[in-house]
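Side chains are part of it too, since the values below use all heavy atoms of this structure and drop only hydrogens, waters and symmetry mates.
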Amino acid sequence: MEGGIPRAAAEELDAADPLAAFRERFVIADPELIYLDGNSLGRMPTATPDQLRAVLEEGWGEGLVRSWEGWIDWGSRLGDRLAEHVLGARPGEVVVSDSTSVNLYKLAGAALEATPGRGTVLMDAEDFPTNRYVLQGLAAQRGLRLHQVPSDLDGGIDLRQLRSALDRDVALVVLSLVSYRSGALLDMARVNELARSVGTRVLWDLSHAAGAVPVELAATGADLAVGCTYKYLNGGPGSPAYLYVRRELQARLRQPIWGWFGQREQFRMGPTYDPVPGVERFLVSTPPLLSLAAIDPGLTLVEQAGVERIRAKGLLLGQLVSELAAAWLTPLGFRSASPSAAERRGSHVSLYHPDAWRICQTLAADAKVICDYRTPDRLRIGPSPLYTRFTEIWDAMDRLREVADRRTYLSRPAGLARVT
Ligand SMILES: *Cc1c(COP(=O)(O)O)cnc(C)c1O
């Protein structure tokens, strides 16, 4: 230890951690491996295999088609639990279905359909690519202008810049509450208010926020939101996403994919599409039951821990990352690529280094530390509070400084892999 924080300080934080016991509720296949990528794919809860086995053996194997009686409204039931414990929404405002990209298309399409006469869609130019592509497609189909508001790669979108882009031609604003690259956290209440002042709506992407930071959709008067369940909610690879539509708005919006799961009296198989008035009108089709079932164990853990406590620990984890980075890594060519105050970030921290990609690969291959790389030159460190120890942060940062110091990464290929 020369400079920075002694490992004993991290040990003390672990000893005082009220969420420490939650780690045992996750599969830790290799205790040596430090996993700092829970914001990309959360770890598997220990209860998930049994949950899936029950659905397979009793539900599918024995129950066969009869099981749909119990399964049919799982998307709504999971939605209500997310609403209450994770999203700060009211019952009947959230439903689980499809993927984040598809839900974004559905809700953006619905909002644009309901806003004739306005010609602009606003988004953060540095938002997650799928959001950009979905909105480019919608804008092209509907003859709208997509205004990508420039935003700082490290600090996120500047509210003054957003305000100056907002006018009465804006039909919809799409923003991520937590930026996928820098972790920058927006003020949801403030942004909703700005949008309302010009009579428009915000569609929030909560993918990097849900289960990491408190979200108050109802209290901030949010209109629309989407997000995924496989990051901090630990629902498993490709688990279905959720969507939120403010209750007062639901019956007025009609989504572009008219599927039978949105239909009134679905099993009457009526001749013409006539959607239910509630949030289920934003459903399309038969849910992927196994993936839907896998959401339950992860959500149960978040409910038991409570988002407030998760956030409190996330702030401390993030602070430890940034303090150690400042002490150990700045002299080695790194700098912070996230807002400096922990309260202005979600649960991940990004670091800039010109060789971030090769360092990321070397950490995984030689030092048993998994974090991820994001273009153009960012190392993203995402400690998920439910299962990450403070000593793991200390050890990971120590291994990172060793890799950077010895420059062992220079022998790795510079070309990107298929998945980064
Ligand atoms: C992870 C993420 C997604 C994922 O979209 P999929 O449709 O599940 O592939 C979308 N938006 C943001 C902001 C994300 O971080």
Side-chain angles (χ1 to χ4, degrees), residues 1-5 7 10 29-43 126 128-129 152-156 178-184 208 231 314 317-340 342 345-385 387-420:
M1 218 299 296
E2 66 295 346
I5 297 156
R7 194 173 190 278
D30 176 0
E32 304 271 287
L33 182 81
I34 302 179
Y35 190 62
L36 302 177
D37 210 356
N39 57 333
S40 201
L41 175 63
R43 278 190 186 271
E126 300 300 338
F128 194 71
D152 187 73
L153 230 45
D154 305 339
V178 172
S179 155
Y180 82 98
R181 194 192 273 111
S182 67
H208 280 277
K231 292 172 179 166
L317 288 165
Q319 222 165 310
L320 187 58
V321 171
S322 52
E323 284 174 15
L324 290 172
W328 294 346
L329 301 178
T330 312
L332 297 170
F334 288 85
R335 69 168 168 73
S336 165
S338 293
S340 52
R345 300 190 297 251
S347 254
H348 68 271
V349 177
S350 287
L351 300 173
Y352 157 86
H353 189 286
D355 253 319
W357 165 239
R358 292 199 286 183
I359 290 173
C360 184
Q361 291 176 85
T362 310
L363 272 177
D366 302 345
K368 286 203 163 202
V369 175
I370 309 277
C371 48
D372 65 17
Y373 160 83
R374 283 294 172 260
T375 57
D377 41 28
R378 302 292 197 269
L379 199 60
R380 199 172 64 163
I381 298 175
S384 188
Y387 47 75
T388 307
R389 291 183 172 142
F390 292 95
T391 40
E392 288 186 293
I393 299 289
W394 199 96
D395 293 340
M397 300 302 278
D398 187 42
R399 294 180 205 176
L400 173 53
R401 90 169 141 166
E402 187 168 321
V403 164
D405 191 32
R406 295 198 179 163
R407 297 160 69 89
T408 46
Y409 59 86
L410 289 175
S411 61
R412 301 224 154 240
L416 294 186
R418 166 80 175 88
V419 178
T420 67

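- Residue Ser347 comes nearest to Gly314 through the heavy atom pair OG-CA, 3.8 Å, listed as atom of the first residue, atom of the second, then distance.
- Within the 4.5 Å cutoff, no side-chain heavy atoms of Arg7 are placed close to those of Asp398.
- Formation of a donor-acceptor pair under 3.5 Å by the Ser322 side chain with backbone atoms of Gln319 is found in this model.
- In this structure, the side chains of Lys368 and Ile34 stay at 4.5 Å or more apart for every pair of heavy atoms.
- Interatomic distance, OG of Ser384 versus CG of Leu317, reported as 9.0 Å (0.5 Å rounding).
- Closest heavy-atom contact between Asn39 and Gly382: OD1-CA, 3.7 Å.
- In plain terms, the two heavy atoms of Cys371 and Asp37 that are nearest each other are O-OD2, 3.7 Å.
- Tyr387 contributes a side-chain N or O that, together with a main-chain N or O of Arg43, makes up a donor-acceptor pair within less than 3.5 Å.
- Put simply, the side chain of Leu324 reaches to within 4.5 Å of the side chain of Leu320, judged on heavy atoms.
- Residues His353 and Leu379 are not in side-chain contact: their nearest non-hydrogen atoms beyond the backbone lie 4.5 Å or more apart.
- For the side chain to side chain donor-acceptor pair (under 3.5 Å) test, residues two or more places apart in sequence or in another chain that qualify with Glu392 are Arg23.
- One finds the CD1 atom of Ile381 at 13.0 Å from the CD1 atom of Ile370 (value rounded to the nearest 0.5 Å).
- Between Trp328 and Ile5, every side-chain heavy-atom pair lies at or beyond the 4.5 Å cut-off.
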Given the rule in the side chain to side chain contact (heavy atoms under 4.5 Å, CB included) test, do Glu402 and Arg399 qualify, once you have shown the distances and angles that lead to the verdict? CA-CA 5 Å; Glu402 187 168 321; Arg399 294 180 205 176; 5.6 Å; no
Stepwise side chain to side chain contact (heavy atoms under 4.5 Å, CB included) check, Val369 with Leu400: CA-CA 8 Å; Val369 175; Leu400 173 53; over 6 Å; no
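- Side-chain atoms of Leu410 and Asp355, non-hydrogen and from C-beta on, do get closer than 4.5 Å to each other.
- Applying the ring pair (Phe, Tyr, Trp, His ring centres under 6.0 Å) criterion to Phe128, with sequence neighbours excluded, gives Tyr180.
- For Arg407, there are no salt bridge (charged side-chain N to carboxylate O under 4.0 Å, His left out) partners, not counting sequence neighbours.
- Annotation for Arg181 and His348: closest pair O-NE2, 3.6 Å, computed over non-hydrogen atoms.
- For CZ of Arg389, the number of neighbouring non-hydrogen atoms (other residues, nucleotides, ligands) closer than 6.0 Å is 12 at most.
- Looking only at distances, a side-chain donor or acceptor of Arg374 sits under 3.5 Å from a matching main-chain atom of Thr420.
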Under 3.5 Å, side-chain donor or acceptor atoms of residues 331-340 against the rest of the protein: list the pairs with distances, not counting sequence neighbours.
{"from": "Arg335", "atom 1": "NH1", "to": "Asp154", "atom 2": "OD2", "distance (Å)": "3.0"}
{"from": "Ser336", "atom 1": "OG", "to": "Ser338", "atom 2": "N", "distance (Å)": "3.3"}
{"from": "Ser336", "atom 1": "OG", "to": "Ser338", "atom 2": "O", "distance (Å)": "3.2"}
{"from": "Ser338", "atom 1": "OG", "to": "Ser182", "atom 2": "O", "distance (Å)": "2.7"}
{"from": "Ser338", "atom 1": "OG", "to": "Ser350", "atom 2": "N", "distance (Å)": "2.7"}

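- With values rounded to the nearest 0.5 angstrom, Asp377 atom CG is found 13.0 Å from Arg358 atom CZ.
- The heavy-atom pair separating Val403 from Ala367 by the smallest distance is CG2-CB, 4.4 Å.
- The stretch residues 408-420 participates, sequence neighbours left out, in these salt bridge (charged side-chain N to carboxylate O under 4.0 Å, His left out) pairs: Asp366-Arg412.
- Within the 4.5 Å cutoff, side-chain heavy atoms of Tyr373 are placed close to those of Leu416.
- Judged as a ring pair (Phe, Tyr, Trp, His ring centres under 6.0 Å), and not counting sequence neighbours, Phe390 has no contacts.
- With a 4.5 Å cut-off on side-chain heavy atoms, Ile393 and Leu36 count as touching.
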